[in-house]
Every structure is written in structure tokens, then in C-alpha cells.
Amino acid sequence: MKIIYIAGLEHSGSTLTDHLLSGHPGVLGLGEIASFFSPSHMKHYMNQWGKCTDASLCSCGKDWSECEFWGGVVDLNGLNSDESMTNRYNKLLSYIRKTHGDETIVVDSSKSIDGLAILIENAGTLGISPTDILVILTIKDVRSFSASIMNKHDSKKSLISVVRSFNYWLGSNKRMLDYIKASNVNFSINLYEELCADPSGFINKQLARVGRMTQTGEIDIKKNTSHIAMGNKDFVMRNRERIKYDSRWYHDDLINFIYLFHRKARAFNKYIYALQRATGAQSMHPAAAPKARTADAQR
């Protein structure tokens with residue numbers, strides 16, 4: 001069994017990537033597994049979204065308890081169990097081996113360092129090798145990310161709020177990339193811009209990484225076998241008929257102004273583009289990753 005772990009920030013394409021990969025019959029996309037297992041996260045989630053009619057729906061369209069996949073392990077939900085995260089992952093992977101076979105490629109889009117750490121640090125207990133964990137770091141251009149965050153919070157945009165979004169993007173992505181490199185796992189960069197421009201090409205690159213035959217023709221985003229319990233609900237349940245890149249930042253003077261003067265964010269943004277080109281269709285071992293060219297990008 002191999003696990004594709006999708007890391008990164010919100011609004012960076014993790015759920016979309018998970019969903020698209022699930023279009024291959026040998027790939028099982030499950031969404032944010034660590035969030036589904038976490039008691040604190042699930043309590044917060046239900047407090048915020050529990051009244052929505054689709055709050056407990058899987059991407060297959062059925063309630064978690066009635067889903068052909070999650071129905072068999074719904075007791076692992078953070079609202080139902082107080083077992084350790086490692087035990088829950090262990091039971092989940094055992095269930096997948098039994099129902100789907102050991103050759104299944106599981107997509108976990110939990111995104112966080114904590115979720116990835118559980119897999120890496122407990123690989124032996126989970127019956128996998130660290131080399132079976134392949135990480136996709138999903139990153140959106142800092143300017144586009146800032147525009148998404150401003151829109152999400154529906155707040156009055158100011159110089160301070162945009163600078164904070166740049167700082168959040170820089171610090172969080174830098175920590176995630178540093179952790180991935182230190183963990184010595186193979187990884188590739190998923191630029192949201194590339195995914196939107198050529199979804200079929202991107203997905204085929206990732207399938208090649210895990211030894212699966214690539215798909216021909218254009219991807220039909222509505223046809224796949226994903227069972228995403230936790231993820232971007234707006235995309236999974238309400239608006240998944242097309243891939244659309246949000247280009248509003250192109251003409252946003254404030255965001256572009258701050259980009260010119262935020263030296264560290266601009267340097268790291270350029271470094272990520274270079275790193276994405278270097279990884280290409282192959283997994284990259286951390287030792288082979290190109291170094292940041294500027295001191296700002298290395299900090």
C-alpha cells in the first residue's frame with residue numbers, strides 16, 4: 001500500500017487534488033483523515049456546520065454512516081471514539097487492505113504537519129514503509145492565496161490584513177517544506193496555478209510517481225470514486241463541475257503593491273516555482289532539492 005499525503009494550507013487545492021486523483025480506479029481519495037479522526041476538530045466542525053444538510057455527507061453523496069466506505073469505519077470518527085490517532089489510522093489501513101486490497105493507493109489530504117507526522121513516525125506500526133509515503137505539497141501563489149483569504153473572511157481589506165496573510169502563507173509553507181525535507185520523504189510540489197491550467201497533465205504526473213498508468217483524454221471532474229468525508233465542502237458537495245482559477249488578484253493594486261515590497265514572501269514564492277519545475281513528474285528526495293538562491297528564501 002502507498003499513501004499520497006497532500007500537505008499545505010487551506011485554499012490551495014488540496015481537496016481538488018484529492019478528488020482528481022480519485023478518478024483513477026486504483027486510487028482511493030479519503031479527504032482529511034486526521035480531521036475526521038480528531039475529537040476537537042469534529043466538535044468544532046459540528047458546532048459550526050452541523051445544521052447544514054450536507055454536513056455529514058461523503059463526496060459520494062451519502063451520509064457517512066451509509067457510505068459504502070466510511071459506513072464500515074464510522075466508529076473511528078472523532079465524535080465516536082477516543083482511541084489514539086495511531087490506532088485509528090491502523091484500523092483504517094487494515095480495513096482498506098481487507099476491502100480494497102494491499103495495492104490500493106490511499107490519498108490523505110489532511111494537509112497538516114501533525115497528520116503527516118503520524119504516518120511517518122508510526123510507519124512500522126501501520127504496516128507501511130516510509131518510502132511508501134509520497135507527499136504532494138500544494139501551494140498557491142502568495143498573491144492568489146491572499147486574495148482567497150480576504151474573500152473567505154469577507155473582511156475589510158487593509159494593508160495590515162494583507163501583510164498578515166502574506167506572513168501566514170510564508171511562515172506556514174516554509175515550516176511545512178522544512179519538515180518534509182527533514183523527514184527524508186519523497187515529495188513533489190503542486191502549484192495550484194499549474195493544476196488549474198492543465199489538470200490532466202498534473203494528475204498524470206502524480207500517477208506516474210506511484211506507478212499507475214496515466215489516463216488519456218480530458219478528466220471528467222464529476223466522475224470519480226472519491227470518498228472525501230472532510231474537505232472543502234463547497235467544492236465537494238456544491239460546486240465541483242469545473243475548475244476555475246480565481247484571477248481577481250491580477251488587478252488588485254494593494255496585493256500587488258505588498259508583493260513588491262515583501263522581500264521574503266516574494267523570494268520564497270519564486271523559489272517554490274523553481275522547486276516545482278525541478279520536481280517535474282518525479283518524486284524528489286530532499287537531498288536533491290535545489291537550494292533557495294537568496295538568504296531571504298532560506299530563512
Within-4.5 Å side-chain heavy-atom neighbours: [X] and [Y]:
| X | Y | result |
| --- | --- | --- |
| Glu194 | Arg277 | no |
| Phe261 | Val163 | no |
| Met176 | Leu137 | yes |
| Leu76 | Asn80 | no |
| Lys91 | Glu83 | yes |
| His11 | Ile149 | yes |
| Asn269 | Arg143 | yes |
| Tyr5 | Ser109 | no |

query = What do the steps show when you test Val107 against Leu30 for side chain to side chain contact (heavy atoms under 4.5 Å, CB included), and what is the final call?
reply = CA-CA 6 Å; Val107 183; Leu30 298 179; over 6 Å; no
So, for [X] and [Y], which heavy atoms are closest and what is the spacing to 0.1 Å?
| X | Y | result |
| --- | --- | --- |
| Ile189 | Gln276 | O-CG, 3.6 Å |
| Trp70 | Cys58 | CD1-SG, 4.1 Å |
| Leu9 | Lys111 | O-CD, 4.1 Å |
| Ala265 | Phe166 | CB-CD2, 3.8 Å |
| Glu32 | Gly231 | OE2-CA, 3.6 Å |
| Arg266 | Leu260 | NH1-O, 2.6 Å |

Over 12 foreign heavy atoms within 6.0 Å of [atom1], [X]:
| X | atom1 | result |
| --- | --- | --- |
| Asn47 | CG | yes |
| Arg164 | CZ | no |
| Ile160 | CD1 | no |

key: Parallel, tilted or perpendicular, as decided by the 30° and 60° cut-offs, for the rings of Phe268 and Trp169   = perpendicular
inquiry  = Is the ring pair Tyr89/Phe37 parallel, tilted or perpendicular, if the boundaries are 30 and 60 degrees?
reply    = perpendicular
Just checking, any donor-acceptor pair under 3.5 angstrom between side chains of [X] and [Y]?
| X | Y | result |
| --- | --- | --- |
| Ser14 | Thr138 | no |
| Ser146 | Ser165 | yes |
| Tyr250 | Asn256 | no |
| Thr86 | Ser84 | no |
| Ser110 | Ser112 | no |

Is a side-chain donor or acceptor of [X] paired with a backbone partner of [Y] at a separation under 3.5 angstrom?
| X | Y | answer |
| --- | --- | --- |
| Ser38 | Ala34 | no |
| Ser12 | Gly8 | no |
| Ser172 | Tyr168 | yes |
| Asp132 | Ser129 | yes |
| Tyr245 | Leu195 | no |
| Tyr45 | Ala55 | yes |

key: Candidate pair Ile180 and Val185, rule side chain to side chain contact (heavy atoms under 4.5 Å, CB included), full reasoning   = CA-CA 6 Å; Ile180 291 170; Val185 293; 4.0 Å; yes
Working to the nearest 0.5 angstrom, can you tell me the gap between [X] [atom1] and [Y] [atom2]?
| X | Y | atom1 | atom2 | value |
| --- | --- | --- | --- | --- |
| Glu193 | Asp141 | CD | CG | 5.0 Å |
| Ile3 | Ile96 | CD1 | CD1 | 7.5 Å |
| Asp63 | Thr53 | CG | OG1 | 11.0 Å |
| Gln206 | Ile136 | CD | CD1 | 4.0 Å |
| Lys205 | Asp198 | NZ | CG | 7.5 Å |
| Asp18 | Leu28 | CG | CG | 9.0 Å |

inquiry  = Using the rule given for ring-ring contact (aromatic ring centres under 6.0 Å, His included), can you reason through Trp249 versus Tyr259, listing the C-alpha separation, both sets of side-chain angles and the distance that settles it, and then say yes or no?
reply    = CA-CA 11 Å; Trp249 68 267; Tyr259 182 74; 7.8 Å; no
query = For Phe145, is the NZ or CZ atom of Lys140 found under 6.0 angstrom from the centre of its six-membered ring and inside 45 degrees of the ring axis?
reply = no
Charged N-O contact under 4.0 Å between Arg248 and Asp252 = no
message = One thing to verify: whether Arg97 and Asp102 come together as a salt bridge, which I'm taking to mean a side-chain N less than 4.0 angstrom from a carboxylate O.
response = yes
request  = Could you please spell out the steps behind the side chain to side chain contact (heavy atoms under 4.5 Å, CB included) verdict for Met230 and Trp64?
outcome  = CA-CA 10 Å; Met230 299 296 295; Trp64 299 333; 3.9 Å; yes
query = Can you check side chain to side chain contact (heavy atoms under 4.5 Å, CB included) on Ile6 and Asp108, steps first, answer last?
reply = CA-CA 6 Å; Ile6 302 176; Asp108 179 355; over 6 Å; no
